[in-house]
Q: 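The structure follows.
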Amino acid sequence: MQRPAGLAYWLDDAPTLPMTLGLALQQVAVQSIYFVIPVIIAGSLSPDPADATRFLCLSILAVALWQALQLLGRGPLGSGYPIPATHTAALIGAYALLGLGGGGFGAAGAMVVLVGAACVGLTFFMHRLRLLLPNEVAGVVVILIGVTLVSLGAQRFGLQPGGMPPARSAVLVVLLSLAVMVVFALSRSRAAPFAVLLGALCGVPLALAFGHAVPGGAELLAERPWLALPQPWLPRFDEVQAVPLLSFLLTVVALKATAAGSIVVMQRGSDAQWSRPDAPPIRRGLLANGVALIAGGLIGGAASGPAAAAVGLSIATGTLARRIVWVGTVLLAVVALCPKLVALFVLIPEPVKVAMLFYAAGFIMAQGCQLVTARLLDTRRTLVVAFGLSAGLVVAIAPQPFVAAVPALASPLALGAVVAFAINLVTLPTVARHAALTLPLDDRAGTQVSEWLGRVAGAWALKPQTARAADQSLGELVDLLSERRTAALELEARLAEDRVEITLRWPGPPLPGPAARGSLDDLMSSDEARHAFAIWLATRQTQAFRQRPHGASSEAWLAFED
């Protein structure tokens, strides 16, 4: 691992205490934007603002625990990366379905525990995670999370069929709040990361002036103490209902995809030599994700996950020190112990909450679009995206038939994620493609191999970095085989979903193993040392490399992540 240029604080750096506290407060401010999600969830389970305050306190504690577990770098849990957490919107539809069935906070906690257990269990079986959850499926999931937030905001604003049309003053509050958010976001000032909070600060007085305050809000705020231990809701497994539980479990795809994606983003941002995802930290991070969900459900809080906006802020500002997130974890715990402060988020007027939901949904959908287009969309990937999004949007537009027939799939995220995942799984066998070349190892062999690989890369729409790595590896191997006076070479390339595999066969003995550590001194040493150095050069960018005898010939196999 190498420190990237331009970072203010790397992973193990220790900023001064004032600097650490300031950066941690900035992250907590960004995370607080999503405090509206547990408030919305609580509203679907209970009309009592006091219950919403209690639920939000427990949910903030769950967030603090999630990011603390991710920071662990030793043992079976934790990616070791400073990934801020937040309340995931992936389960909003499942919570709403539970509320419609009369379920309460205890039942919700039990279902979150079961979801966490499923996440832990699947981590041990999903050895090829990127194969099952490629960028296209993850992108569809993230886009549909945004669609779910938009649908929820529209319902709370009375825009659904049969709903109470909003007052003009409420519409004005939403538009002005959004306008303030946009202005600050585009200002490129230090206030830009807090655009949502500043928009809410401007919208709340306007909403109160127009009479959109929460009934009994002043009394509730006065009753809340400054400091108090949150009272957990113990999970009620006896209240678990089959249909809402299935809806909860269907979000496992979304939860694992977003957690894995955030860990990869942080890996890439913290290592100048990054070339591909590092699997062990991702696996430990996914285990920590599942354990944190179980713990959050046991205390009765909302499901937690990575805060993509805060992760982006850390990378953009070059502040990746673990110490910052540790301090932020303590600050979140302090906030959770202050019911009066938490109640302020619960009592935000409805039009301001709607504006916050719309703004957050737009950014979430934009992140999903970036995931979907991270690779060139061939016909198969286009089908995954098209049918996944279409299925989700059908539920968003006309949910009632699904509520009546298949309530577990009566949310855009549930149906869209299942459809995208299923199409990706069913069409995986169609991905494999093959190309072969046989040539004599003469003076033109290197050029012929490079031209052949260029045609293959173009036909298969490989990433440029994949094609460059493969071209460099094959060039080194062809030169080495030519030097060893090998007569001919057979090449076979195979395209899988997430990598390119190239097999070389030649008459004669196998090549030496790669040098343990390449050194320029090897170039002036024996032939064996020079050849081992050449193999090290050829394989240093591969995902895997191995050799074996093949009759009277030898065979080498290389894999490159794409």
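Basis for what follows: all heavy atoms, side chains included, without hydrogens, waters or symmetry-related copies.
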Q: I143 and M365: which non-hydrogen atoms are nearest, and at how many Å?
A: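 That would be O-CG, 3.4 Å.
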Q: Could I get the full list of ring-ring contact (aromatic ring centres under 6.0 Å, His included) partners for F248, not counting sequence neighbours?
A: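 For F248, the residues satisfying ring-ring contact (aromatic ring centres under 6.0 Å, His included) (neighbours in sequence not counted) are Y95.
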Q: Can you list the residues that meet the side chain to side chain donor-acceptor pair (under 3.5 Å) rule with S79, with sequence neighbours excluded?
A: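 Expected list: Q70.
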Q: Cut-off 3.5 Å, no hydrogens considered: what does the side-chain donor-acceptor table look like for residues 56-64, sequence neighbours left out?
A:
| residue | atom | partner | partner atom | Å |
| --- | --- | --- | --- | --- |
| S59 | OG | F55 | O | 2.7 |
| S59 | OG | A302 | N | 2.9 |

Q: Taking ring-ring contact (aromatic ring centres under 6.0 Å, His included) as the definition, give me every residue that meets it alongside W233, ordered by chain and number, with sequence neighbours left out.
A: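 Listed in chain order: F105.
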Q: Quick check: are there more than 12 heavy atoms from other residues, nucleotides or ligands sitting under 6.0 Å from CZ of F387?
A: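 At most 12 heavy atoms, drawn from other residues, nucleotides or ligands, come within 6.0 Å of this atom.
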Q: Using 4.0 Å as the upper bound for N to carboxylate O, is an ion pair formed by E492 and R494?
A: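 Looking at R494 and E492, the cut-off is not met.
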Q: Sorted by first residue and then second, give each side chain to side chain donor-acceptor pair (under 3.5 Å) pair with at least one member in residues 382-407; sequence neighbours left out.
A: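 Not a single pair qualifies under side chain to side chain donor-acceptor pair (under 3.5 Å).
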Q: Atom CD1 in I282, atom CG in L287: separation rounded to 0.5 Å?
A: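 Going from CD1 on I282 over to CG on L287, the span is 12.5 Å.
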Q: For T503, give me all partners under side chain to side chain donor-acceptor pair (under 3.5 Å), at least two apart in sequence or on another chain.
A: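 Scan of T503 (side chain to side chain donor-acceptor pair (under 3.5 Å), adjacent residues dropped) gives none.
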Q: Restricting to non-hydrogen atoms, name the atom on V240 and the atom on M111 that form the minimum distance, rounded to 0.1 Å.
A: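 Nearest heavy atoms, V240 then M111: CA-CE, 3.8 Å.
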Q: Which residues pass the side chain to side chain donor-acceptor pair (under 3.5 Å) test with S473, sequence neighbours left out?
A: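 For S473, no residue satisfies side chain to side chain donor-acceptor pair (under 3.5 Å) once neighbours in sequence are set aside.
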Q: Judged by atom type as modelled, is there a donor-acceptor pair below 3.5 Å linking the side chain of K256 to the main-chain atoms of C119?
A: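 Yes: the side chain of K256 pairs with the backbone of C119.
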Q: The criterion is side chain to side chain donor-acceptor pair (under 3.5 Å); which residues satisfy it with Q241, sequence neighbours excluded?
A: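 Scan of Q241 (side chain to side chain donor-acceptor pair (under 3.5 Å), adjacent residues dropped) gives none.
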Q: Could you tell me which residues satisfy salt bridge (charged side-chain N to carboxylate O under 4.0 Å, His left out) with R74, sequence neighbours excluded, listed by chain and number?
A: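 Per chain and number, R74 pairs via salt bridge (charged side-chain N to carboxylate O under 4.0 Å, His left out) with no residue.
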Q: Testing the basics here: between L144 and A417, what is the closest heavy-atom pair and its distance to 0.1 Å?
A: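 Distance-wise, the nearest heavy atoms are CD1-N, 4.2 Å.
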Q: May I ask you to decide if A42's main-chain N or O and S46's side chain share a donor-acceptor pair within less than 3.5 Å?
A: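 Not a single qualifying donor-acceptor pair exists.
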Q: Distance from L98 atom CG to L245 atom CG, nearest 0.5 Å?
A: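 Interatomic distance, L98 CG to L245 CG, rounded to 0.5 Å: 10.0 Å.
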Q: Any carboxylate oxygen within less than 4.0 angstrom of a Lys/Arg side-chain nitrogen, looking at R548 and E555?
A: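 Salt bridge present between R548 and E555.
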Q: Keeping to residues at least two apart or across chains, list the side chain to side chain donor-acceptor pair (under 3.5 Å) pairs with something in residues 287-296.
A: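 Pairs touching residues 287-296 that pass the test: W66-N289.
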Q: Contact between R468 and D471 at the side-chain level, heavy atoms closer than 4.5 Å - yes or no?
A: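 Heavy-atom side-chain distance check fails, nothing below 4.5 Å.
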Q: About how many Å separate CG of L77 and CG of L71, when rounded to the nearest 0.5 Å?
A: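 So the CG of L71 and the CG of L77 are separated by 12.5 Å.
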Q: Among all residues two or more places apart in sequence or in another chain, which pass the ring-ring contact (aromatic ring centres under 6.0 Å, His included) test with Y359?
A: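 Partners of Y359 under the ring-ring contact (aromatic ring centres under 6.0 Å, His included) test: F363.
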Q: Looking only at non-hydrogen atoms, find the nearest pair between L286 and A259 and report the distance.
A: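 Shortest heavy-atom separation between L286 and A259 comes out as CD2-CB, 3.8 Å.
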Q: Treating R284 as the side-chain partner and L72 as the backbone partner, does any N or O pair qualify as donor plus acceptor under 3.5 Å?
A: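 No, because the side chain of R284 does not come within donor-acceptor range (under 3.5 Å) of the backbone of L72.
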Q: Hey, are the side chains of V456 and L437 touching, using non-hydrogen atoms and a 4.5 Å cut-off?
A: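 V456 vs L437: side chains apart.
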Q: Give a yes-or-no answer on whether the side chains of N424 and R380 include a donor-acceptor pair shorter than 3.5 Å.
A: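 Looking only at side-chain atoms, R380 and N424 do form a donor-acceptor pair, the distance falling under 3.5 Å.
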Q: List for me each residue that meets salt bridge (charged side-chain N to carboxylate O under 4.0 Å, His left out) alongside E239, sequence neighbours excluded, and say none if there are none.
A: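 With neighbours one apart ignored, the set is R236.
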Q: May I have the step-by-step check of side-chain contact (heavy atoms from CB on, under 4.5 Å) for I83 and Q67, ending in yes or no?
A: CA-CA 6 Å; I83 303 175; Q67 64 187 41; over 6 Å; no
